[in-house]
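Scroll down for the structure; my scribbles are underneath it.
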Amino acid sequence: LLCQIIEKMDAGKLTRVAVSIGPQMGKSQVLSRGGPAWLSGRDPYRNIMLGTYNQDFANDFGVDVRNIMDSDVYRHVFPDHELKKREVDHLMTRQGGKLAFIGVGGSGTGKPADFFFVDDPIRNDDDAQSDLYRERLYKWFNGVVFSRLHDKSAILIVHTRWHQDDLIGRLCDPDHPERNKRYAGIAEDWTYINLPAVIEDPDLAKALDLTLEVPEDPKVVSAFGAKPMSALWPGRKSLPLLAEAKRGDNRIFGALYMGQPTPEDGDY
């Protein structure tokens, strides 16, 4: 499913897409590392940018994308692709296509974007609970990310949900408390895909090739109920592990793992 998102961006079928998935579910590896590398390989004239919560982490993305492009597998798939500039925050192909990696608050001046990836712009719960940081992030998105685009540019936002008012919440979530006020009309421009860690929807399970079964583990039943379900990634984040996470902190589990953030003083 994540690869299909990148393919549809490549074909111009998706230009505004947001994906929320739980932590350590492979979202960054497929979307924000593999995505820029593959899109550049398909067309080395493209300009691609990626933004994340700070410059150090952005540089890590740059290193990872560069390593993918240096791999034997990549060279076999894209034999004519070559980097002539190899700085961790700024790669450039022989044809002049650029890949830039910046942190939230950083400037994209002089760097155009045919594709802009925003990956985990919120570092932790402290940042998520800060009204000041969330407003700063939204201003950065509009002042830096959006200013780098042209008519045919595409944006992909992928992050674990932290708060109703996080970036995905403001742009895409129909349950945002100010959806019909401050952010009226914005969500209609976006395709929003939420992949919860615990799958109960039969249609989603079928799309992901998962089998729903009533769990036998009493701790899982206590956490999620005696109904058909499956873990999104059973081999890595099993239902017993997810039940343990929910017992630890119900609010954090709902936000991070299920993509259902709620106010701390609200109803669960």
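No experiment lies behind these values; they were computed from the predicted model shown. One is the number of the first residue; the rest follow in order along the sequence.
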Linked, directly or transitively: [X] and [Y] (ILVMFWY side chains, under 4.5 Å):
{"X": "V214", "Y": "L232", "result": "no"}
{"X": "F146", "Y": "Y138", "result": "yes"}
{"X": "F78", "Y": "M92", "result": "no"}
{"X": "V220", "Y": "L241", "result": "no"}

Drop me the distance from [X]'s [atom1] to [Y]'s [atom2], to the nearest 0.5 angstrom.
{"X": "K98", "Y": "I48", "atom1": "NZ", "atom2": "CD1", "answer": "12.0 Å"}
{"X": "S32", "Y": "I6", "atom1": "OG", "atom2": "CD1", "answer": "7.5 Å"}
{"X": "L256", "Y": "R251", "atom1": "CG", "atom2": "CZ", "answer": "9.0 Å"}
{"X": "T15", "Y": "D189", "atom1": "OG1", "atom2": "CG", "answer": "8.0 Å"}
{"X": "I199", "Y": "W233", "atom1": "CD1", "atom2": "CH2", "answer": "14.0 Å"}
{"X": "L99", "Y": "F115", "atom1": "CG", "atom2": "CZ", "answer": "11.0 Å"}

note = Excluding V63, membership of its hydrophobic cluster (Ile, Leu, Val, Met, Phe, Trp, Tyr; side-chain heavy atoms within less than 4.5 Å) reads V88

Got a salt bridge between [X] and [Y], using NZ or NE/NH1/NH2 to carboxylate O under 4.0 Å?
{"X": "K111", "Y": "D89", "answer": "no"}
{"X": "K27", "Y": "D119", "answer": "no"}
{"X": "D114", "Y": "K152", "answer": "no"}

inquiry  = Does Y53 form a side chain to side chain contact (heavy atoms under 4.5 Å, CB included) with I122? I'd like the steps, not just the answer.
reply    = CA-CA 6 Å; Y53 64 80; I122 295 176; over 6 Å; no

request  = Could you check D10 against R46 for salt bridge (charged side-chain N to carboxylate O under 4.0 Å, His left out), going step by step and ending with a plain yes or no?
outcome  = CA-CA 11 Å; D10 174 59; R46 283 169 165 163; 2.7 Å; yes

Donor-acceptor contact below 3.5 Å, side chain [X] vs main chain [Y]:
{"X": "H159", "Y": "I168", "result": "yes"}
{"X": "S222", "Y": "P218", "result": "no"}
{"X": "T160", "Y": "I21", "result": "yes"}
{"X": "N124", "Y": "D127", "result": "yes"}
{"X": "R236", "Y": "Q24", "result": "yes"}
{"X": "Q55", "Y": "F101", "result": "yes"}
{"X": "D43", "Y": "L39", "result": "no"}

task = Under the side chain to side chain contact (heavy atoms under 4.5 Å, CB included) rule, what do R247 and F253 come out as? Steps first, then yes or no, please.
result = CA-CA 9 Å; R247 289 195 304 271; F253 178 82; over 6 Å; no

Minimum heavy-atom separation for [X] and [Y], please, with both atom names.
{"X": "P215", "Y": "G225", "result": "CG-O, 4.1 Å"}
{"X": "L212", "Y": "P228", "result": "CB-CB, 3.8 Å"}
{"X": "R170", "Y": "H176", "result": "N-CD2, 3.8 Å"}
{"X": "D131", "Y": "R134", "result": "OD1-NH2, 2.5 Å"}
{"X": "M25", "Y": "A197", "result": "CE-CB, 3.9 Å"}
{"X": "Y192", "Y": "S20", "result": "OH-OG, 3.1 Å"}

Does any non-hydrogen side-chain atom of [Y] lie less than 4.5 Å from one of [X]?
{"X": "L1", "Y": "L195", "result": "yes"}
{"X": "V65", "Y": "L50", "result": "no"}
{"X": "T211", "Y": "S230", "result": "no"}
{"X": "T191", "Y": "K8", "result": "no"}
{"X": "T52", "Y": "D60", "result": "no"}
{"X": "L171", "Y": "R16", "result": "no"}
{"X": "R33", "Y": "S28", "result": "yes"}
{"X": "Y133", "Y": "D126", "result": "no"}

request  = Evaluate the salt bridge (charged side-chain N to carboxylate O under 4.0 Å, His left out) criterion for residues R182 and D165: first the C-alpha distance (whole Å), next the side-chain angles of each, then the deciding distance (0.1 Å), finally the verdict.
outcome  = CA-CA 12 Å; R182 182 177 179 185; D165 193 43; over 6 Å; no

query = Would the number of heavy atoms belonging to other residues, nucleotides or ligands and lying under 6.0 Å from CD of E135 be above 12?
reply = yes

inquiry  = Once ring-ring contact (aromatic ring centres under 6.0 Å, His included) is applied, do any residues pair with Y45, and if so which ones, sequence neighbours excluded?
reply    = none

ask   = Considering residues at least two apart in sequence or located in another chain, which fulfil the ring-ring contact (aromatic ring centres under 6.0 Å, His included) criterion with F61?
value = F57

request  = Pick out which of Q260, Q164, R161 makes a side chain to side chain donor-acceptor pair (under 3.5 Å) with D173.
outcome  = R161

message = Does M258 form a side chain to side chain contact (heavy atoms under 4.5 Å, CB included) with V198? I'd like the steps, not just the answer.
response = CA-CA 7 Å; M258 301 301 289; V198 179; 3.9 Å; yes

request  = Have a look at L31 and tell me which of V17, I157, L156 forms a side-chain contact (heavy atoms from CB on, under 4.5 Å) with it.
outcome  = L156

Audit row: F224, K246, side chain to side chain contact (heavy atoms under 4.5 Å, CB included) steps and yes/no = CA-CA 9 Å; F224 304 119; K246 185 176 182 181; 3.7 Å; yes

note = Contacts of R66 meeting salt bridge (charged side-chain N to carboxylate O under 4.0 Å, His left out) (sequence neighbours excluded), chain-then-number -> none

task = Scan residues 67-81 for pairs that pass side chain to side chain donor-acceptor pair (under 3.5 Å), counting only residues two or more places apart or in two chains.
result = S40-H81, D70-R86

query = Which residues pass the side-chain contact (heavy atoms from CB on, under 4.5 Å) test with R148, sequence neighbours left out?
reply = M49, A113, F116

